[in-house]
Amino acid sequence: MNIVLLGLNHKTAPIELRERLAIGPQQLEEATRSLMQAPGVLEGMILSTCNRVELLTSLEPDAPHLMDFIGSYFRIDPNLLAPHIYEYRQENAVRHLFRVACSLDSMVIGEPQILGQVKSSYLAARATGAIRGHLDKVLQRAFVVAKRVRTETQIGNSSVSIASVAVELARKIFGSLQDKKVLIVGAGKMSEQAARHLVNQGAGAVLVANRTHERAEQLAQRFGGRAIRFDDLYASADQADIIITSTGSARPVFRREHAQHFLQQRRGRPMFFIDIAVPRDVDPEVNKLDGIFLYDIDDLQSVAGSHLKERGKEAEVAEAMILAEVTKYQRRLHALNVAPEIVQLQQSAEQIRQAELRRVASRLQTLSPEQQAAVEALTRGLVNKFLHQPVQAIKAAATEGNVVAVDAIREAFGVSGQRLSAAEEDIFDDFPELEDQERKS
């Protein structure tokens, strides 16, 4: 299994570059289908958030580099991306996936949104048939690990979402949010979280604008605010002291000429834009206007950094949990590699046992049913005891990665390690210990 993860995030690439690769929720399935059409891709999932774009894939050994797909799909020069791209393979890819799902690789460590975003990407990949084998099991394990980290550590206890950091930044700028009018543009989860934090900090009137007016009304009602129609956005935006915008628009919602108009209507009173969308909702040119203060997703890094120290100890505990899970994954992968040999050895021994019983069947006809059952149990027990040592030896050799020993055992017992059927692979799906398998046989 050749697992490869390729991506960039807030640590390696500026927002100007990340937004060129951003994929909205509506385009995710189509992008996943395109990924699956790339040469050598067996399975694949795309994770696209405001902070990262990553491709998780299972590739054929001779598959072209994934940068070829990125360059052609996003119509961007791979040489421009190369300095910002990271690539992980096999267990390192699994470890990175686990860290992402556990929010250890997030801009704000412990934020809860990323796990939901990974699950959404997983569901989109499943819906297109792009996840159907080994990656499915790896992702399922990632969800289990993330739940453990969330429940067994204190990493998610305090305010750490991107939305909450954005609100914290606004509070630092104003000193107080009392009586400040707020306009929320975009009625998604991020916007709802921002509204909740703003109300908790004492904000005054809350306006909500969304392309789907019903959603804007629902969110506004939840917080005692007022919904405005998206067509009236530019006519109403000058009423707001703070604009928090997080839409899925591919183009800027607010341009320089809009901001100039707002300032004129406000007679010079300042406005604060907090743009938590990728691609950005606010044209960077807006920040050049006197009286306009614009903060995008990367500006939130400075506030997010203040959370890192207090979360350091909990992050260390989470990292240790992830390391243990990755080690378990490596052991499982080695065990799976010799699963065909173990099954073939068991089948061969069973065939010999049954052949010997058939050979002496005429002599056993005089036995009672109870005696025949005793002979059956006796022969099965002898076979299991005989197989115990070689099974343990091949399992230990596989765990240690000792190819020479594995090959020697194969040759000694005449097993070739043919590919398992789906039914036989199911035996090894949940990392069971082989001793348990033997007890059941």
Practice prompt. For the pair Glu91 and Arg95, evaluate salt bridge (Lys or Arg N to Asp or Glu O under 4.0 Å) and give the outcome as yes or no after the intermediate values.
Written response: CA-CA 6 Å; Glu91 65 269 16; Arg95 177 177 179 270; over 6 Å; no
Worksheet item: Does Leu294 offer a backbone N or O that forms a donor-acceptor pair with the side chain of Asn287 under 3.5 Å?
Response: yes
Worksheet item: How many angstroms lie between atom CG of Leu42 and atom CD1 of Ile3, to the nearest 0.5 angstrom?
Response: 11.0 Å
Worksheet entry | Identified side-chain contact (heavy atoms from CB on, under 4.5 Å) partner of Ser121 from the options Leu56, Ile131, Leu28 | Leu28
Discussion item. Let me confirm one number: the OG1-CG distance from Thr57 to Leu135, rounded to the nearest 0.5 Å.
Written reply: 7.5 Å
Worksheet item: Do the rings of His134 and Tyr329 sit parallel, tilted or perpendicular, given the 30° and 60° boundaries?
Response: tilted
Worksheet entry | Any side-chain heavy-atom pair of Val253 and Leu233 under 4.5 Å | yes
Practice prompt. Give a yes or no on whether Gln260 atom CD has more than 12 heavy-atom contacts from other residues, nucleotides or ligands under 6.0 Å away.
Written response: yes
Worksheet item: Just by modelled atom types, is the Phe69 backbone N or O under 3.5 Å from a matching donor or acceptor in the Ser72 side chain?
Response: yes
Worksheet item: Within the side chain of Glu43, is there an N or O that forms a donor-acceptor pair under 3.5 Å with the backbone of Gly133?
Response: yes
Practice prompt. Look at the rings of Phe262 and Phe254 and say which category their plane angle falls in: under 30° parallel, 30 to 60° tilted, over 60° perpendicular.
Written response: perpendicular
Worksheet item: Between the main-chain N or O of Gly186 and the side-chain N or O of Ser246, is there a donor-acceptor pair closer than 3.5 Å?
Response: no
Worksheet item: Is a donor on one side and an acceptor on the other found under 3.5 Å between the side chain of Thr151 and the backbone of Arg148?
Response: yes
Discussion item. Would you say CG of Asp77 has more than 12 non-hydrogen atoms from neighbouring residues, nucleotides or ligands within 6.0 angstrom?
Written reply: yes
Worksheet item: Measuring from Leu8:CG to Leu17:CG, what's the distance to the nearest 0.5 Å?
Response: 6.0 Å
Worksheet item: Taking the six-membered ring for Trp, are Phe272 and Phe293 parallel (under 30°), tilted (30 to 60°) or perpendicular (over 60°)?
Response: parallel
Worksheet item: Looking at Glu30 and Arg33, does any basic side-chain N land under 4.0 Å from a carboxylate oxygen?
Response: no
Worksheet item: Do Leu115 and Lys147 pass the side-chain contact (heavy atoms from CB on, under 4.5 Å) test, and can you show the C-alpha distance, the side-chain angles, and the key distance before you say yes or no?
Response: CA-CA 9 Å; Leu115 180 57; Lys147 183 177 180 181; 5.8 Å; no
Discussion item. Would the distance check show the side chain of Asn51 and the main-chain N or O of His10 forming a donor-acceptor pair, the cut-off being under 3.5 Å?
Written reply: no
Practice prompt. Mark yes or no for whether Arg18, through its side chain, and Thr49, through its backbone, hold a donor-acceptor pair below 3.5 Å.
Written response: no
Discussion item. Using only atom types and a distance under 3.5 Å, with no angle test, would you say the side chain of Arg229 pairs donor to acceptor with the backbone of Asp232?
Written reply: no
Worksheet item: Can you check side chain to side chain donor-acceptor pair (under 3.5 Å) on Gln344 and Ser348, steps first, answer last?
Response: CA-CA 6 Å; Gln344 190 177 354; Ser348 177; over 6 Å; no
Practice prompt. Return yes when atom CZ of Arg132 has more than 12 non-hydrogen atoms of other residues, nucleotides or ligands closer than 6.0 Å, and no otherwise.
Written response: yes
Response to the item:
Rounded to the nearest 0.5 Å, the CG atom of Asn9 sits from the CG atom of Leu47 at a distance of 10.5 Å
Practice prompt. Answer whether the closest heavy-atom distance between the side chains of Val149 and Leu104 falls below 4.5 Å.
Written response: no
Discussion item. Quick one: does any side-chain atom of His258 pair with a main-chain N or O of Arg255 as donor and acceptor, under 3.5 Å?
Written reply: yes
Item to complete: Verify side-chain contact (heavy atoms from CB on, under 4.5 Å) between Asp105 and Lys11, making sure each step is shown before the conclusion.
Response: CA-CA 9 Å; Asp105 197 55; Lys11 300 175 185 177; 2.9 Å; yes
Worksheet item: Got a second to check how far Leu123's CG is from Leu139's CG, nearest 0.5 Å?
Response: 10.5 Å
Worksheet item: Is the backbone N or O of Pro252 less than 3.5 Å from a side-chain atom of Ser249, with the two atoms forming a donor-acceptor pair by type?
Response: no
Practice prompt. Starting from the C-alpha separation in whole Å, work towards a yes-or-no answer on side-chain contact (heavy atoms from CB on, under 4.5 Å) for Gln265 and His261.
Written response: CA-CA 6 Å; Gln265 296 297 110; His261 173 71; 3.7 Å; yes
Worksheet item: Ion pair present between Asp283 and Arg256, side-chain N to carboxylate O less than 4.0 angstrom?
Response: no
Discussion item. Quick one, Leu66 and Leu59 - any side-chain contact, counting heavy atoms below 4.5 Å?
Written reply: yes
Worksheet entry | Between OH on residue Tyr73 and CD on residue Gln37, distance to nearest 0.5 Å | 10.5 Å
Item to complete: Would you check if the distance from the ring center of Phe143 to the ring center of Tyr122 is below 6.0 Å?
Response: yes
Item to complete: Measure the shortest side-chain to side-chain distance between Arg99 and Glu319 over non-hydrogen atoms and say whether it is less than 4.5 angstrom.
Response: yes
Fill in: Intermediate values then yes/no, side-chain contact (heavy atoms from CB on, under 4.5 Å), Leu177 and Ile242
CA-CA 9 Å; Leu177 296 180; Ile242 304 170; 3.6 Å; yes
Worksheet item: Between Asp296, Asp298, Ile297, which is the residue that forms a side-chain contact (heavy atoms from CB on, under 4.5 Å) with Arg280?
Response: Asp296
